[in-house]
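Bear in mind the structure is a predicted one, so any value in this text is a computation, not a measurement. Residue numbers begin at 1 in each chain, while the letters A, B, ... track the order of the sequences.
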Amino acid sequence: MMQQPPPSQTQPGMAPPPPPQGAAGQPPQWGAIPPPMTHQYAPPPQQPPAMWGQPPPQAHYGQVPPPQPYYAAPPAMAAPAAADEVKTLWIGDLQAWMDENYIYNCFAATGEVQSVKLIRDKQSGQLQGYGFVEFISHAAADRVLQTYNGQMMPNVEMVFRLNWASAGEKRDDTPDYTIFVGDLAADVTDYLLQETFRVHYPSVKGAKVVTDKMTMRSKGYGFVKFGDPTEQARAMTEMNGMLCSSRPMRIGPAANKKTTWGSGESTKCSRSSV
DNA sequence: ACTGAGCGA
């Protein structure tokens with residue numbers, strides 16, 4: 001694979017990207033940290049949790065924006081249903097040189113990382129570009145999700161891609177009934193979209209605003225998932241043209257989607273007929 | 001910007 005210059009697009013309000021590493025494709029040096037011999041990387045046990053009072057080790061991170069642990073922001077995305085138990089975040093879009101040490105150090109300043117597990121190919125042992133970061137609590141994981149997701153990663157010109165780990169763990173086997181919602185204002189979040197519908201339809205399971213992969217900004221449309229097909233059908237007509245944030249929504253049937261931000265293949269759509 | 005993104009032994 002050729003090393004091509006990444007887009008030098010810097011977002012306003014963000015720190016300028018760090019200078020490129022000397023050798024292209026070479027991982028940054030983390031000092032004397034030995035490479036993990038196992039697939040599981042855990043912090044040393046003598047490290048006390050919840051070290052919010054301490055300054056983060058900036059020397060290692062360079063341009064990482066400091067997390068703001070005391071700011072209790074409303075959830076930008078709807079937490080999973082069985083939220084009490086969920087302490088693990090999925091992390092994706094990783095580069096091959098980003099190992100457990102790198103990922104662990106990304107969140108070490110929180111003092112709340114339980115373990116880091118990156119997925120490798122069985123034969124080659126090559127990193128697959130995603131993994132799982134477990135935290136000491138759901139609240140800790142939620143803080144990291146809200147604070148780091150979409151922010152610059154250390155030593156590289158790309159942003160964190162984080163989400164709740166969902167696939168392997170909990171399984172909601174009830175079918176989903178999804179609608180498409182367009183014309184969304186730029187500030188509409190998953191949570192706002194979900195609540196806009198939930199106050200009228202108690203069977204609303206969740207909502208997702210589609211964001212641009214690079215900028216993490218809203219693309220102006222999203223999806224709302226219902227548990228009850230009757231409420232789905234009602235919402236299609238009753239909520240069309242209703243305000244969400246500052247703009248009237250345009251509602252339509254959702255095209256089929258096989259992946260699982262919901263419960264997989266059981267995503268039923270009211271695509272009436274052809 | 002108008003049909004979603006990726007999930008482990």
Side-chain angles (χ1 to χ4, degrees), chain A residues 9 36 38-42 76-78 80 82 85-96 98-100 103 114-123 125-135 141 145 149-150 153 158-172 176-190 193-194 205-226 232 236 240-241 244-245 247-272:
Chain A
Q9 156 196 11
T38 66
H39 292 181
Q40 194 89 13
Y41 182 82
M77 58 180 66
E85 305 297 326
V86 183
K87 303 183 295 183
T88 303
L89 298 182
W90 178 91
I91 182 168
D93 277 9
L94 302 177
Q95 295 181 351
M98 295 175 173
D99 59 6
E100 282 84 352
I103 299 300
Q114 189 98 338
S115 67
V116 175
K117 180 182 182 183
L118 300 185
I119 305 309
R120 297 160 197 273
D121 182 79
K122 269 291 181 43
Q123 292 84 3
Q126 189 160 22
L127 287 161
Q128 298 295 94
Y130 73 92
F132 300 88
V133 184
E134 183 185 6
F135 294 85
L145 181 60
N149 195 23
M153 299 180 76
M158 55 187 294
V159 297
F160 282 107
R161 192 154 313 272
L162 296 162
N163 207 340
W164 291 107
S166 57
E169 299 290 337
K170 56 180 169 36
R171 182 55 49 182
D172 183 2
D176 297 329
Y177 303 90
T178 305
I179 63 173
F180 170 87
V181 183
D183 283 347
L184 292 176
D187 63 321
V188 174
T189 62
D190 289 359
L193 184 60
Q194 168 183 301
K205 288 181 171 182
K208 183 169 187 61
V209 175
V210 177
T211 54
D212 181 85
K213 207 168 187 174
M214 307 303 281
T215 66
M216 296 291 290
R217 276 184 294 216
S218 168
K219 284 186 173 178
Y221 65 92
F223 299 87
V224 180
K225 213 168 45 168
F226 297 80
Q232 176 209 31
M236 295 257 293
N240 195 34
C244 183
S245 181
R247 292 165 70 164
M249 300 178 285
R250 188 172 57 80
I251 299 184
N256 216 340
K257 176 73 171 38
K258 57 162 152 286
T259 55
T260 65
W261 70 277
S263 54
E265 36 81 30
S266 60
T267 300
K268 295 199 170 49
C269 306
S270 75
R271 199 180 264 288
S272 15

**Touch class at under 4.0 angstrom, heavy-atom based, for A:G92 against every strand present** =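 Result for A:G92 = nothing.
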Whole angstrom is fine here: how far is it from [atom1] in [X] over to [atom2] in [N]?
{"X": "A:F223", "N": "B:dA5", "atom1": "CZ", "atom2": "C1'", "result": "12 Å"}
{"X": "A:D183", "N": "B:dA1", "atom1": "CG", "atom2": "C1'", "result": "12 Å"}
{"X": "A:K225", "N": "B:dA5", "atom1": "NZ", "atom2": "C1'", "result": "14 Å"}
{"X": "A:I119", "N": "B:dA9", "atom1": "CD1", "atom2": "C1'", "result": "9 Å"}
{"X": "A:R120", "N": "B:dC7", "atom1": "CZ", "atom2": "C1'", "result": "17 Å"}
{"X": "A:W164", "N": "B:dG8", "atom1": "CH2", "atom2": "C1'", "result": "17 Å"}
{"X": "A:L94", "N": "B:dA5", "atom1": "CG", "atom2": "C1'", "result": "14 Å"}
{"X": "A:K208", "N": "B:dC2", "atom1": "NZ", "atom2": "P", "result": "18 Å"}

**Asked** Distance-only, no hydrogens or angles: does the A:Q232 side chain make a donor-acceptor pair with backbone N or O of A:K225 under 3.5 Å?
**Response**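 Checked: no pair found.
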**Request:** Answer yes or no: side-chain N or O of A:R161 and base N or O of B:dA5 forming a donor-acceptor pair under 3.5 Å.
**Result:**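 Such a pair exists between side chain and base.
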Under 5.5 Å and under 30°: [X] stacked on [N]:
{"X": "A:F132", "N": "B:dG8", "result": "yes"}
{"X": "A:Y130", "N": "B:dG6", "result": "no"}
{"X": "A:F180", "N": "B:dT3", "result": "yes"}

**Shortest non-hydrogen separation from A:D93 to A:K213 and the atoms involved** =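 A:D93 and A:K213 have their closest heavy atoms at OD2-CE, 3.9 Å.
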Could you please name the option among [options] that lies closest to any side-chain atom of [X]?
{"X": "A:R250", "options": "B:dA1, B:dC2, B:dA9", "answer": "B:dC2"}
{"X": "A:A255", "options": "B:dC7, B:dG8, B:dT3", "answer": "B:dT3"}
{"X": "A:K122", "options": "B:dC2, B:dG8, B:dA9", "answer": "B:dA9"}
{"X": "A:T178", "options": "B:dG4, B:dT3, B:dG8", "answer": "B:dG4"}
{"X": "A:A165", "options": "B:dG4, B:dG8, B:dG6", "answer": "B:dG8"}

**Request:** Working to the nearest 0.5 Å, report the span between OH of A:Y177 and CE of A:M236.
**Result:**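 These two atoms lie 14.0 Å from each other.
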**Request:** With sequence neighbours left out, write down each residue that passes side chain to side chain contact (heavy atoms under 4.5 Å, CB included) with A:Q95, or none if nothing qualifies.
**Result:**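 For A:Q95, the residues satisfying side chain to side chain contact (heavy atoms under 4.5 Å, CB included) (neighbours in sequence not counted) are A:W97, A:M98, A:V156, A:M158.
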**Request:** Report the relative orientation of the aromatic rings in A:F223 and A:F180; use parallel for angles under 30°, tilted for 30 to 60°, perpendicular for over 60°.
**Result:**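 Because their plane-to-plane angle is over 60°, the rings of A:F223 and A:F180 count as perpendicular.
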